2 protein chains.
Amino acid sequence: MGTGVARKISESTVRRLSLYLRFLEEFEEQGTETLSSEELARRGSTTAAQVRKDLSLFGSFGKRGLGYSVRELKSTLRRLLGLDRAWRVALIGAGRIGSALFAYGDFRRRGFTIVTVLDTDPDKIGARWGSVRIQDAEGLEEVLRRESVDIAILAVPVEEAQRVADRVVDAGVQAVLNFAPTQLHVPTEVALRDVSMSMELEALSFALTTGNGTGP
Amino acid sequence: MGTGVARKISESTVRRLSLYLRFLEEFEEQGTETLSSEELARRGSTTAAQVRKDLSLFGSFGKRGLGYSVRELKSTLRRLLGLDRAWRVALIGAGRIGSALFAYGDFRRRGFTIVTVLDTDPDKIGARWGSVRIQDAEGLEEVLRRESVDIAILAVPVEEAQRVADRVVDAGVQAVLNFAPTQLHVPTEVALRDVSMSMELEALSFALTTGNGTGP
DNA sequence: ACATGTGAACTGCTTCACAGCG
DNA sequence: CGCTGTGAAGCAGTTCACATGT
């Protein structure tokens, strides 16, 4: 029990924890106070055993014979995922994808605050988006340090992505979310996730072609 | 050998096939004609054995002692992934994310053509985006059928996502790419992928919090 | 000689089934 | 009695190592 030992948590478990948290928020809105692993599982297309196993990696949060307190489990998951604090995010690239991401409400709602936006286009530099002013990507390292950025979102053209990633890493940022359709290389201590929209479409193409499903 | 038997291909294998294809295109541009599993593996942060195993699920495409022909393997992968044809895609939701996706060059480049855009906003319906005119989502089923849509991209608000998904499925579409931050439920024969940007950020938050890496 | 293709070993995730506890 | 928490079993994906073919 406890979060003491730094077990190796699998990617799939982390994804499911995020999902559970979403469901708990929905259940809370509906006024549900208590929930069984069975009900969580149904909502998330998984199994009750999987839910319990996932949670048991971090401790014992349920009451036998009863289930889980929605309120408690919700705040436990928020804490486990590190969502009990505000993360400072830099958005690099103020193009179409960048601007869509900037306006994306779900980020803010979950504690990710875009504290700075950078671009190289002189026509964009200096413009205001809400309360932030677009910075010149020329001074990227300085800006990221000054703003104590925790996470960098890369929404830059594919040709520039690796170069920008290198600079972001140089600036000491430990987490990168990449939207460019390329495989970035970063040191192992830097966390990297890709949002690969074309690859998702290709997986659908494959599923349509072979008749293979995609779901679990 | 051959694609005859419909083995069950794992999600990770499909993702890697997409990656290999990208790398092959890059290598081809550089004029490389032949490639070993070792080189492909290095480029994709995986192992040579993994590359060979992935490919061996579909046949034997290499020459012993030599490696793989870039040109041949590229076209084989394109065929395997179903990218040797043009897929007809409907974009549902003409908001910020929708418009960013519409302009996203990587889709077109890979054979995914957005043949229709739908929305419910009267101010948007009828507007032209390039060569397509925004349709009233009221007539969704009819539009999707008329346009022989293979894949629907959902870029709608989270509250509407499930309802829209149901209608898309009713219209006979067999593949859905969901950008709304919610878990959709569709029949098993329909292929569904989620692009969950907030969940990727949450995975980064978790990695930063625990010190766990994210990579393989 | 060299790199593929593949059975066998291994590792790790998922499911099962039940003891334990409210 | 019901539902959790968890060892143990089962299964899937990855890595190893070598026979095979050029």
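Bear in mind the structure is a predicted one, so any value in this text is a computation, not a measurement. Residue numbers start from 1 in every chain, and the chains themselves are labelled A, B, ... in the order their sequence lines are given, proteins ahead of strands.
- Spacing between atom CD of Glu11(A) and atom C1' of dT14(D) amounts to 15 Å, rounded to whole angstrom units.
- Computed from coordinates, the Glu38(B) CD to dT4(C) P distance equals 9 Å when rounded to whole Å.
- No donor-acceptor pair under 3.5 Å is formed between the side chain of Asp106(B) and the backbone N or O of Ser198(A).
- Rounded to an integer number of Å, the gap from Glu72(A) CD to dG22(C) C1' is 14 Å.
- When each of dT4(C), dG7(D), dT15(D) is scored by its nearest atom to the side-chain atoms of Ser36(B), the top-ranked nucleotide is dT4(C).
- Atom NZ in Lys8(A) sits roughly 13 Å away from atom P in dT14(D) (whole-Å rounding).
- Taking atom CG of residue Leu57(A) and atom C1' of nucleotide dT14(C), one finds them 12 Å apart after rounding to whole Å.
- Summarising the geometry, the separation between CG on Leu73(B) and C1' on dG5(C) is reported as 14 Å, rounded to the nearest angstrom.
- Salt bridge present: Arg110(B) and Glu25(B) bring a charged side-chain N and a carboxylate O closer than 4.0 Å.
- By the 4.0 Å N-to-carboxylate-O rule, Arg193(B) lies close enough to Glu11(B) to be salt-bridged with it.
- A salt bridge does not link Asp194(A) with Arg15(B): every distance from a Lys NZ or Arg NE/NH1/NH2 to an Asp or Glu carboxylate oxygen is 4.0 Å or more.
- Per the geometry, CZ belonging to Phe61(B) stands 18 Å off P belonging to dG21(D), to the nearest Å.
- In this model, the phosphate group of dG20(C) is not approached by any side-chain N or O of Arg52(A) to a distance below 4.0 Å at OP1 or OP2.
- By the 4.0 Å N-to-carboxylate-O rule, Arg71(A) lies too far from Glu28(A) to be salt-bridged with it.
- The phosphate of dT15(D) (OP1 or OP2) has a side-chain N or O of Thr47(B) nearer than 4.0 angstrom.
- Between Tyr68(B) and the phosphate of dG5(C), there is a side-chain N or O to OP1/OP2 separation shorter than 4.0 Å.
- Between Gly65(A) and Gln50(A), the one whose closest nucleotide on DNA chain C sits nearer the 5' end is Gln50(A).
- Straight-line distance from the NZ atom of Lys53(A) to the P atom of dG10(D): 15 Å, rounded to whole Å.
- Map Arg64(A) and Ser12(A) each onto its nearest nucleotide of DNA chain C; the residue landing nearer the 5' end is Ser12(A).
- Ser37(A) comes within contact range of the sugar-phosphate backbone alone, with a heavy-atom separation under 4.0 Å but no base atom that close.
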